[in-house]
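Every heavy atom of this structure was used, including side-chain atoms; hydrogens, water molecules and symmetry mates were not. Numbers restart at 1 for each chain; the letters A, B, ... are given by sequence-line order, proteins then strands.
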Number of protein chains: 2
Amino acid sequence: MHALSDPVRISIVAELRKAEEGLNCVETTGRLKFSMPKSTCSQHYRILRESGIIHSERRGVEMTSKVRRKELDSRFPGLLDAILKAWRREHGE
Amino acid sequence: MHALSDPVRISIVAELRKAEEGLNCVETTGRLKFSMPKSTCSQHYRILRESGIIHSERRGVEMTSKVRRKELDSRFPGLLDAILKAWRREHGE
DNA sequence: TCTATTGTTCGGTATTTGTGAACAATAGAA
DNA sequence: TTCTATTGTTCACAAATACCGAACAATAGA
């Protein structure tokens, strides 16, 4: 819950869900409306990773991350969808 | 989201949902597994109130609070239920 | 080996949160 | 009324957390 409560992190998760093949930090930063240094981006990814929301995998020089949809849905059915739905309702799109 | 991400506040909301007639700070503190000073409790209630999750009303010397179920469900359908369900799954009961 | 690119770690700073003490508000008894 | 007990809020400071730049690590390609 703490991991998903931060506005930056929920934005990241929303972008990751739209990208089938996953995203890395630089790509993510480019798609968000606000910018942030890469160290901050790295921290947010670490929190998302350690809380089990995303899975990251090294591909050459970059780290590609994806949302762990199956694991999340089986453990907390409907939770991520409800949160993302609420977030979209507040933040347009 | 921020209001509901704190473990103390989600516990308070869970207790409020169980109590039909609402609860005040002192009663709430007594029902939770951990204790906290009343100033802290007051702050958490304020955050829940300002984020629109609860409604508080003075009854004599005490402030009785209730979850705004209808308003929340119409604005964010299923959100509170999903979050509370996930919380219970993690924190027993 | 050298360079470019991506991401992590570390340390200091800034922001946020928790807490005790003082204060405000109300009710009831003296 | 005045005094006391109870509940909750506000304020200021301490503690915890988050942000960010700089240095470092890892990988790929020239």
Side-chain angles (χ1 to χ4, degrees), chain A residues 1-16 18-68 83 87 90-91, chain B residues 1-16 19-68 83 87 91:
Chain A
M1 277 310 302
H2 167 254
L4 289 175
S5 75
D6 182 272
V8 173
R9 287 194 290 271
I10 193 70
S11 308
I12 292 175
V13 171
E15 286 300 326
L16 287 179
K18 284 194 289 188
E20 269 304 315
E21 290 306 311
L23 293 174
N24 63 29
C25 260
V26 173
E27 290 170 332
T28 309
T29 308
R31 299 192 186 199
L32 298 182
K33 282 159 192 155
F34 40 85
S35 72
M36 61 183 153
K38 57 184 182 170
S39 59
T40 303
C41 188
S42 178
Q43 297 289 352
H44 285 306
Y45 267 89
R46 185 176 58 77
I47 291 171
L48 289 171
R49 204 155 45 229
E50 291 180 353
S51 66
I53 292 167
I54 66 172
H55 171 76
S56 304
E57 183 179 2
R58 185 173 273 283
R59 282 198 195 153
V61 78
E62 47 188 277
M63 290 283 283
T64 302
S65 299
K66 294 181 184 181
V67 177
R68 305 177 70 170
I83 292 177
W87 177 79
E90 290 290 274
H91 300 81
Chain B
M1 275 310 302
H2 167 255
L4 288 175
S5 74
D6 182 272
V8 173
R9 287 193 290 270
I10 193 72
S11 308
I12 292 175
V13 171
E15 287 300 327
L16 287 181
E20 270 304 316
E21 289 308 309
L23 291 174
N24 63 29
C25 261
V26 172
E27 289 168 335
T28 310
T29 308
R31 299 192 187 199
L32 299 181
K33 283 159 190 154
F34 39 86
S35 72
M36 60 183 152
K38 58 184 183 172
S39 58
T40 303
C41 190
S42 178
Q43 298 289 353
H44 285 307
Y45 267 90
R46 185 177 56 80
I47 291 170
L48 289 171
R49 204 157 41 230
E50 290 180 353
S51 65
I53 292 166
I54 65 172
H55 172 76
S56 305
E57 181 179 3
R58 185 173 274 281
R59 283 200 195 151
V61 78
E62 48 188 275
M63 290 283 283
T64 303
S65 299
K66 294 180 183 180
V67 177
R68 304 176 70 169
I83 292 177
W87 178 80
H91 300 82

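Closest to the side chain of A:E62, out of D:dG8, C:dT6, D:dC19, is C:dT6. Here the side chain of B:T40 is nearest to one of C:dG7, C:dG18, C:dT9, namely C:dG18. Distances from the side chain of A:C25 to the nucleotides D:dT10, C:dG7, D:dT7 place C:dG7 closest. Out of D:dG8, C:dT8, D:dG21, the shortest distance to the side chain of A:P37 is found at D:dG21. Taking the side chain of B:M36 as heavy atoms from C-beta on, and the options C:dG18, C:dT19, D:dT9, the nearest nucleotide is C:dT19. For B:Q43, counting side-chain heavy atoms from C-beta on, the closest listed nucleotide (D:dC20, D:dT7, C:dT19) is C:dT19. Among the nucleotides C:dT6, C:dA25, D:dC20, the one closest to the side chain of B:V61 is C:dA25.
Counting to the nearest Å, the P atom of D:dA16 and the CG atom of B:D6 are 16 Å from each other. Atom CG of B:L32 and atom C1' of C:dG18 are 16 Å apart (whole Å). The interatomic distance linking B:N24 (CG) with D:dT9 (C1') rounds to 14 Å, in whole Å. Atom NE2 of B:H44 and atom P of D:dT9 are 13 Å apart (whole Å). Put simply, OH on B:Y45 is 10 Å from P on D:dT9, counting in whole angstrom units. Computed from coordinates, the B:I12 CD1 to D:dG8 P distance equals 12 Å when rounded to whole Å. Taking atom CZ of residue A:R59 and atom P of nucleotide C:dT6, one finds them 15 Å apart after rounding to whole Å. In this entry the distance linking CD1 of B:I47 with C1' of C:dG18 reads 11 Å, nearest Å.
At C:dT16, none of the side-chain N or O atoms of B:H2 fall inside 4.0 Å of OP1 or OP2 (strictly under the cut-off). Phosphate contact (OP1/OP2 of D:dG8, side-chain N/O of B:S42, threshold under 4.0 Å): absent. The side chain of A:R49 contributes no N or O atom lying less than 4.0 Å from OP1 or OP2 of C:dG7. OP1 or OP2 of C:dT19 has not a single side-chain nitrogen or oxygen of B:S39 nearer than 4.0 Å.
Between B:M1 and A:E90, every side-chain heavy-atom pair lies at or beyond the 4.5 Å cut-off.
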Check against salt bridge (charged side-chain N to carboxylate O under 4.0 Å, His left out), B:R59 and B:E62
CA-CA 5 Å; B:R59 283 200 195 151; B:E62 48 188 275; over 6 Å; no
How far apart are the C-alpha atoms of B:E50 and B:R46, what are their side-chain angles, what is the distance that settles it, and do they pass the salt bridge (charged side-chain N to carboxylate O under 4.0 Å, His left out) test?
CA-CA 6 Å; B:E50 290 180 353; B:R46 185 177 56 80; 3.4 Å; yes
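Summarising the geometry of A:I54 relative to A:Y45, their closest heavy-atom pair is CD1-CD2, 3.4 Å, with the distance given to 0.1 Å.
Of all nucleotides present, only C:dC2 satisfies the Watson-Crick or G-U wobble test against D:dG29, with each distance under 3.5 Å. Within the shown strands, C:dC10 is the pairing partner of D:dG21 under the Watson-Crick or G-U definition, both distances less than 3.5 Å.
A side-chain donor from one of B:R9 and B:H44 sits under 3.5 Å from a side-chain acceptor of the other.
Comparing B:R9 and A:V26 along DNA chain C, the residue whose closest nucleotide (by nearest heavy atom) sits nearer the 5' end is A:V26. Mapped onto DNA chain D by nearest heavy atom, B:R46 and A:K38 fall at different nucleotides, with B:R46 at the one closer to the 5' end.
Of the candidates A:V13, A:I10, A:L4, A:I10 is the only one forming a side chain to side chain contact (heavy atoms under 4.5 Å, CB included) with A:W87.
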